Protein chains: 2
Amino acid sequence: MNVSAEALMDIFKKKNIRSSYTRVRILEYLMANRNHPTVDEIYKRLVGEIPTLSKTTVYNSLNAFVDAELARVITIEDNETRYDADISDHGHFKCDICGRIYDFPVDIGGFEPKALAKFKISQRDVYFKGICTSCLNNK
Amino acid sequence: MNVSAEALMDIFKKKNIRSSYTRVRILEYLMANRNHPTVDEIYKRLVGEIPTLSKTTVYNSLNAFVDAELARVITIEDNETRYDADISDHGHFKCDICGRIYDFPVDIGGFEPKALAKFKISQRDVYFKGICTSCLNNK
DNA sequence: ATATGTGCAAACTGTTTGCAGCCGC
DNA sequence: GCGGCTGCAAACAGTTTGCACATAT
């Protein structure tokens, strides 16, 4: 997926968050790389093109994106926070061997348990772990 | 739920992990308090009765329990790891207001997506967030 | 007797905060 | 011009590591 800088600036305007060169680049990266990167991965990758970039800014920007619902946080691993520009309902599978995270469709609305009938649910996450096909075949 | 120290030592033997007074007390606490405590909560609570207790030991013990499948890690929040002595399949709901974590039954096996048909799935977590009934009524 | 748990201090990692300067509107 | 973003350094929190000693089998 490729989105122009203008389109991204439009998105920012629509979500009422201020635009900037850095934010455009970070959101662009997040939308182009659907591999659920960590802050560190985003930083390391972009600092080559934006030498003055700081990790603080990456944190700030991502938090702004999450607040504006342009991205969501993935806490499938307890020691690293990952980000996903796809905010539609879907599950995440992490392979214990290669570490890759796969998206998978899941009918999350379908299994609303009776126990939560009177709860206000605002976020639903489904995390699976195990070994992916590619790693299963490569041994 | 109340489990005797002897029963806990039996559990350790069965799982091939060494028993000790500290471990018995930690697992006992985890089984009696199904509120998914953090390491800090366990430590603060037990150090009163076991003055020499260190956080390192709480970490060590919990990791041993997780390896032995006596407990599972809950990563519903990105900044704190919680532990649950109930390793059967069930979902977790965290209230954004009171912070409480509720268990709820969910037929996790029931929504195995085709996309993961050839994956080896070893762990399934379902995390919901929102506002619980009690907080909805108290405003 | 030997392997393993315990607990102290220090190191480490990911994240947040305070603040001066710059940039977008 | 003003509010908000940027980025440096420092602070911070949760967790891990190294090691000497104690304890379980």
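Remember, it's a predicted structure, so these values are computed and weren't measured experimentally. Within every chain, numbering begins at 1; the chains are lettered A, B, ... in the order of the sequence lines, protein sequences first and strands thereafter.
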Sidechain-backbone polar pair: T75(B) side chain, T75(A) backbone, donor-acceptor under 3.5 Å | yes
Answer yes when D40(A) and K55(A) have at least one side-chain N-carboxylate O distance shorter than 4.0 Å, and no when they do not.
-> yes
Closest to the S19(B) side chain: dT25(D), dT15(D), dC25(C)?
-> dT25(D)
Using modelled atom types only, decide if a donor and an acceptor are shared between the side chain of Y83(B) and the backbone of V39(B) within a distance under 3.5 Å.
-> no
Donor-acceptor contact below 3.5 Å, side chain E49(A) vs main chain L46(A) = no
The residue, V39(B) or M9(B), whose nearest nucleotide of DNA chain D is more 5′ is V39(B)
Centroid-centroid distance, F104(B) to F119(A), less than 6.0 Å | no
With pairs defined as Watson-Crick or G-U wobble and both distances under 3.5 angstrom, please note down DNA chain D as a dot-bracket string, | for pairing with another strand.
-> |||||||||||||||||||||||||
Minimal non-hydrogen separation, I76(B) against H92(B), with atom names = CD1-O, 3.7 Å
Walking DNA chain C from its 5' end, the first of N63(A) and I17(B) to be reached, judged by nearest nucleotide, is I17(B)
5'-most contact on DNA chain D (nearest-nucleotide basis), Y21(B) vs T56(B), goes to T56(B)
Indicate, yes or no, whether a donor-acceptor pair under 3.5 Å links the base of dG5(C) to the side chain of R18(B).
-> no
In whole angstroms, how far is the C1' atom of dA24(D) from the NZ atom of K15(B)?
-> 21 Å
Ranking dT6(D), dT15(C), dT6(C) by distance to the side chain of T57(A), first place goes to dT6(D)
Does S20(A) put a side-chain nitrogen or oxygen below 4.0 Å from OP1 or OP2 of dC23(C)?
-> no
Atom CG of N16(B) to atom P of dA24(D): distance rounded to whole Å?
-> 18 Å
N60(A) near the nucleic acid: base, sugar-phosphate alone, or nothing, with a heavy-atom cut-off under 4.0 Å?
-> base
Please determine, for the side chain of R23(B), which listed nucleotide (dT6(D), dG5(C), dG7(C)) has the closest atom?
-> dG5(C)
Considering only NZ, NE, NH1 and NH2 on the basic side and carboxylate oxygens on the acidic side, decide whether E77(A) and R82(A) come within less than 4.0 Å.
-> no
